[in-house]
Amino acid sequence: DIASQHHDEL
Amino acid sequence: MNIFRLAGDMTHMFSVLVLLLKIHTIKSCAGVSVKTQELYAIVFATRYLDIFTSFVSIYNTFMKLVFLGSSFSIVWYMRYHKAVHRTYDREQDTFRHWFLVLSCLLLALLIHEKFTFLEVLWTFSLYLEAVAILPQLVLLQRTRNIDNLTGQYIFLLGGYRGLYILNWIYRYFTEPHFVHWITWITGLVQTLLYADFFYYYFLSWKNNKKLN
């Protein structure tokens, strides 16, 4: 979902 | 992962390592704002809260630990290490950075992608990181000239988010519905804040003279 997608960056 | 993001992460890591090395080897933090370092420690602490709950990759976890460890140890050195603390310029480093923390927190409560604890703090960390360099830039203008390690630190720190912008452009065109306005706008504001520093840094490099 969106959350995991954009929390893959530092 | 793409080359822009990897370059960005490496640039970011080198910036904190340059600063940590300077403080650790010559036991001096002259020209460095502890307030910017404290803001960065808060940025990482609130951005990497999910370090134990959501595993992305070894690389991701390793880098989070590097950024958390380096930012907190730099603050520790500047606040509690006797020799280093003596070189801290308390009179000049007077930016009221707690106002930045408060306003970013309020903004995160108002504008976020999802109203959950982690997401609001993650958004807060983005807003705070965008302005975290302000105390350092103000201190820079007050201290006559800065040593080139501090200059390199600021240059690399400013460059990393610029590389992230290239990464977001790349991901926008290669991944369907990869859209994150908050990340993009904060990243752009953050990079633009370094604009005049980059200008003077480039001039000092071109004319091969001290940065002041």
Side-chain angles (χ1 to χ4, degrees), chain A, chain B residues 1-2 4-6 8-13 16 43-44 47-51 53-57 59-68 112-123 125-126 129 160-161 163-165 167-168 170-172 175-184 187:
Chain A
D1 68 334
I2 292 286
S4 60
Q5 188 197 24
H6 71 185
H7 284 319
D8 70 350
E9 292 184 344
L10 290 170
Chain B
M1 175 58 80
N2 59 65
F4 303 112
R5 184 143 71 97
L6 184 64
D9 290 341
M10 291 304 109
T11 305
H12 190 192
M13 184 172 68
V16 291
V43 165
F44 295 133
R47 186 170 306 173
Y48 301 152
L49 286 171
D50 61 353
I51 186 169
T53 56
S54 73
F55 177 77
V56 175
S57 69
Y59 169 82
N60 187 272
T61 304
F62 173 72
M63 292 300 277
K64 285 175 176 177
L65 292 172
V66 165
F67 291 138
L68 283 166
H112 42 261
E113 280 187 19
K114 262 188 342 184
F115 193 70
T116 63
F117 179 71
L118 276 182
E119 189 66 26
V120 168
L121 282 185
W122 184 81
T123 311
S125 80
L126 282 175
E129 189 187 4
Y160 111 84
R161 213 64 181 167
L163 289 165
Y164 253 75
I165 292 174
N167 150 65
W168 292 323
Y170 176 84
R171 292 189 76 176
Y172 175 77
E175 296 173 33
H177 34 262
F178 179 81
V179 176
H180 296 294
W181 289 109
I182 294 176
T183 314
W184 297 347

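What's counted below: heavy atoms across the whole structure, side chains too, no hydrogens, waters or symmetry copies. Keep in mind it's a predicted model, so treat the numbers as computed, not measured. Every chain is numbered from 1, with letters handed out A, B, ... down the list of sequences.
- Taking OG1 from B:T183 and CD from A:E9, the interatomic distance works out to 7.0 Å, rounded to the nearest 0.5 Å.
- With rounding to the nearest 0.5 Å, the separation of CE in B:M13 from CG in A:L10 is 10.5 Å.
- In this structure, the portion of B:Y164 lying under 4.5 Å from any heavy atom of chain A is its side chain and not its backbone.
- Residue B:F55 places its CZ atom among more than 12 non-hydrogen atoms of other residues, nucleotides or ligands, all under 6.0 Å distant.
- Atoms NE2 and CG, on A:H7 and B:N60 in that order, are 11.5 Å from each other to the nearest 0.5 Å.
- Heavy atoms of other residues, nucleotides or ligands lying less than 6.0 angstrom from OH of B:Y59 number more than 12.
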